[in-house]
Amino acid sequence: METFQALLARKLAEALAAADLPPTGSVTPATDARFGDYQSNAALVLAKQRGENPAAVAEKILAHLKVGEWCEAPTIAGAGFINFTLRTEIVAARTADLLQDERLGVEKVAPPKRIVIDFGSPNVAKPMHVGHIRSTVLGDALARIASFLGHDVVRDNHIGDWGTQFGMVIYGWKNLLERAALERDPIAELVRIYKGANDRATADPAVREACRQELVKLQAGDAENFGIWKECVALSLREFEAAYKILDVHYDIQRGESFYNDRLADVVERLLKSGLAEISEGAVCVFFRDIPELADKPCITRKRDGGYNYATTDIATVDYRIQDLKADTVWIVTGAPQQLHFRQIFEIARREGYTADFRHITHGSILGDDRKLMKTRSGDNVALRDVLDEAVVRARKIVDEKNPELPDSERGDVAKIIGIGAVKYADLSQYRMTDYIFSWDRMLSFQGNTAPYLQNAYVRIRSIFRKAGEEFVPAKTLTLTAPEEKNLATRLCQFGEVVPTVLNDFRPNILANYLYELANSFHAFYEACPVLKSEEPSRSSRLALCELSARVLAKGLDLLGIKVPEKM
RNA sequence: GCGCUCAUAGCUCAGCCGGAUAGAGCAUCGGAUUUCUAAUCCGACGGUCGGAGGUUCGAGUCCUCCUGGGCGCGCCA
């Protein structure tokens with residue numbers, strides 16, 4: 001189903017061709033209701049190119065513009081904008097069509113791409129903390145959206161399951177482990193023995209050496225150490241799964257760093273052989289002498305001691321994703337600090353001849369009230385589990401207070417949907433690069449751009465249908481009389497325009513903002529237009545608007561990984 | 001030192017490819033409810049878009065410089 005925006009852009013292009021003008025300019029939603037529904041700057045752009053009067057160019061375009069079927073007569077305004085106002089009957093007809101459309105007006109992309117999305121990437125033997133929310137939630141939302149648009153998406157959890165920290169963990173396991181504690185709370189115990197080993201190593205060089213030896217043994221394939229490592233990984237995976245279940249996040253594959261271990265030597269040999277890498281101060285390095293910003297920042301792919309580091313792993317990961325997974329494009333969702341690293345990795349990939357589209361999708365941090373990285377009072381990372389638990393507890397309190405009639409059995413589920421939704425939405429509704437300040441009160445508020453506000457719009461609609469009782473048969477034709485009705489209907493028609501734009505710059509907040517405006521339009525409609533008590537044909541028409549609003553809200557939130565309750 | 005990134009209302013944030021008089025929410029003040037969830041809606045107040053130049057018919061958006069914050073820069077990941 002062609003969106004109004006696409007249709008008007010096509011009509012504009014036809015008019016330009018007919019007027020013997022080059023195809024240019026764009027059609028965008030109007031910046032203000034005064035200007036109608038859509039606007040085009042084509043005349044301005046052309047006037048600039050040709051040194052002509054914008055208004056005159058606009059007149060010329062208008063003379064060839066054939067949109068009478070769809071719009072009121074286009075007008076020229078301001079510096080030379082062409083304004084389009086959709087005919088109400090057209091909006092009504094499209095709204096009715098959307099009710100028959102499972103995709104709610106969102107067209108699939110052609111051709112689809114195979115996209116490997118790398119997000120989340122927690123570390124083994126460490127607890128997941130607030131810092132993991134952004135990458136996980138953002139990556140999941142992008143995966144959902146790309147998938148819905150028809151792309152072939154592979155969600156890959158690049159788990160940090162290999163590295164020097166295992167020297168400490170294994171030493172701690174052998175010398176400090178308490179089995180009972182491990183069974184009670186595995187990750188807490190792993191953290192405890194890691195810290196214990198680290199403290200000892202700091203104080204005693206002999207322990208530091210012992211830790212190093214444990215690491216060497218692990219890397220050499222020592223059976224005992226390998227067994228301990230495997231158990232740590234298994235314990236951590238169980239912990240991750242629990243978090244993913246609560247967050248409703250799913251992965252297609254989990255290729256941890258260790259997956260690439262046996263490919264690292266070949267990677268380095270290949271880089272040396274091709275001349276991309278050279279030996280410098282005993283280490284194998286790739287230099288970027290022709291790129292000014294990177295000229296003094298080499299990438300080390302093998303340390304002087306023969307060990308490999310994460311750059312090597314990531315180069316091997318590129319190989320795997322392109323050659324084995326056949327990715328057309330790879331999206332890596334991590335915090336901004338890793339920008340330099342991935343710039344280097346992508347540059348190496350390019351030099352090796354890979355033509356795939358590599359994107360490093362960065363995001364900012366979650367801050368506390370003090371505008372510094374969110375930490376506990378004692379300075380530790382805030383555990384993800386604690387955040388999620390508290391979200392549900394707080395949501396439960398609100399539900400208890402606001403809706404005491406709700407059966408006790410339902411409140412727990414509703415609290416989960418609201419609490420987890422609030423945490424996710426707080427993240428996704430903001431531009432991903434912004435460092436944002438974590439605030440329970442704001443994210444759980446029913447006012448403003450929050451998950452509960454959107455969920456409430458959906459719940460109000462469900463309430464209407466429960467009260468209506470009868471089975472809903474969508475109206476074949478809608479009658480949009482009140483301005484709130486047309487406004488709501490027009491917005492509903494824009495869902496298909498908004499969803500694809502999210503991927504232009506990987507900004508789920510564009511979708512979030514749209515949903516917020518949609519919910520706001522719905523609430524305004526709800527206030528102004530009684531549904532069940534109105535006369536036909538308004539009644540069926542308004543029920544249809546309600547139904548479509550509910551579907552778009554639910555689908556839009558689903559694309560963000562957020563659920564909606566039936567009551568709240 | 002080099003690089004990345006951010007700076008918009010008292011506070012928290014939008015503002016994708018440059019477009020018309022820069023928008024929300026909170027807070028403050030004022031309205032709306034015999035009515036489908038008032039968990040809402042409508043309105044008022046509030047801005048040298050960090051600063052200075054530049055490109056452009058047009059700059060919060062692009063370029064240069066400066067200031068301030070965050071982060072990163074050969075053997076951690």
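Keep in mind that this is a model prediction, so the values were computed, not measured. Just so we're on the same page: letters track the sequence lines, and every chain starts at 1.
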OP1, OP2 of [N] versus side-chain N and O of [X]: anything below 4.0 Å?
X        : N     : answer
A/Arg507 : B/G15 : yes
A/Tyr453 : B/C41 : yes
A/Ser429 : B/C13 : no
A/Gln447 : B/U40 : yes
A/Asn509 : B/G15 : yes

At 4.0 Å (heavy atoms only), tell me whether [X] reaches a base, stays on the sugar-phosphate, or touches nothing.
X        : result
A/Asn309 : sugar-phosphate
A/Ala336 : nothing
A/Ala47  : nothing
A/Lys567 : base
A/Lys533 : sugar-phosphate
A/Thr28  : base
A/Pro530 : base

Could you give the [atom1]-to-[atom2] distance, from [X] to [N], as a whole number of Å?
X        : N     : atom1 : atom2 : answer
A/Phe522 : B/U40 : CZ    : P     : 13 Å
A/Asn487 : B/C41 : CG    : P     : 13 Å
A/Tyr526 : B/U33 : OH    : C1'   : 11 Å
A/Arg371 : B/C13 : CZ    : P     : 6 Å
A/Lys48  : B/G19 : NZ    : C1'   : 10 Å
A/Asn520 : B/C41 : CG    : P     : 6 Å
A/Ile159 : B/A77 : CD1   : P     : 17 Å
A/Tyr425 : B/G25 : OH    : P     : 13 Å

- Pick the P atom in B/A22 and in B/U48, then give their distance to the nearest Å. 13 Å
- Query: For atom P, what is the distance between B/G1 and B/C66, given to the nearest Å?
  - Reply: 10 Å
- Start with the C-alpha gap between A/Ile510 and A/Val499, add the side-chain angles, then the distance that decides, and say whether side-chain contact (heavy atoms from CB on, under 4.5 Å) holds. CA-CA 8 Å; A/Ile510 291 176; A/Val499 175; over 6 Å; no
- Message: Using Watson-Crick or G-U wobble geometry with both distances under 3.5 Å, which nucleotide pairs with B/G30?
- Response: B/C42
- Item | Base-pairing mate for B/U56 - Watson-Crick or G-U, with both contacts under 3.5 Å | none
For the base of [N], is there a side-chain donor-acceptor partner from [X] under 3.5 Å away?
X        : N     : value
A/Asn83  : B/A20 : yes
A/Ser280 : B/G74 : yes
A/Gln39  : B/A20 : yes

- Item | ring centroid sep under 5.5 Å plus plane angle under 30, A/Phe446 with B/A39 | no
- Message: Heavy-atom nearest nucleotide on RNA chain B for A/Ala311 versus A/Phe525: which residue maps closer to 5'?
- Response: A/Phe525
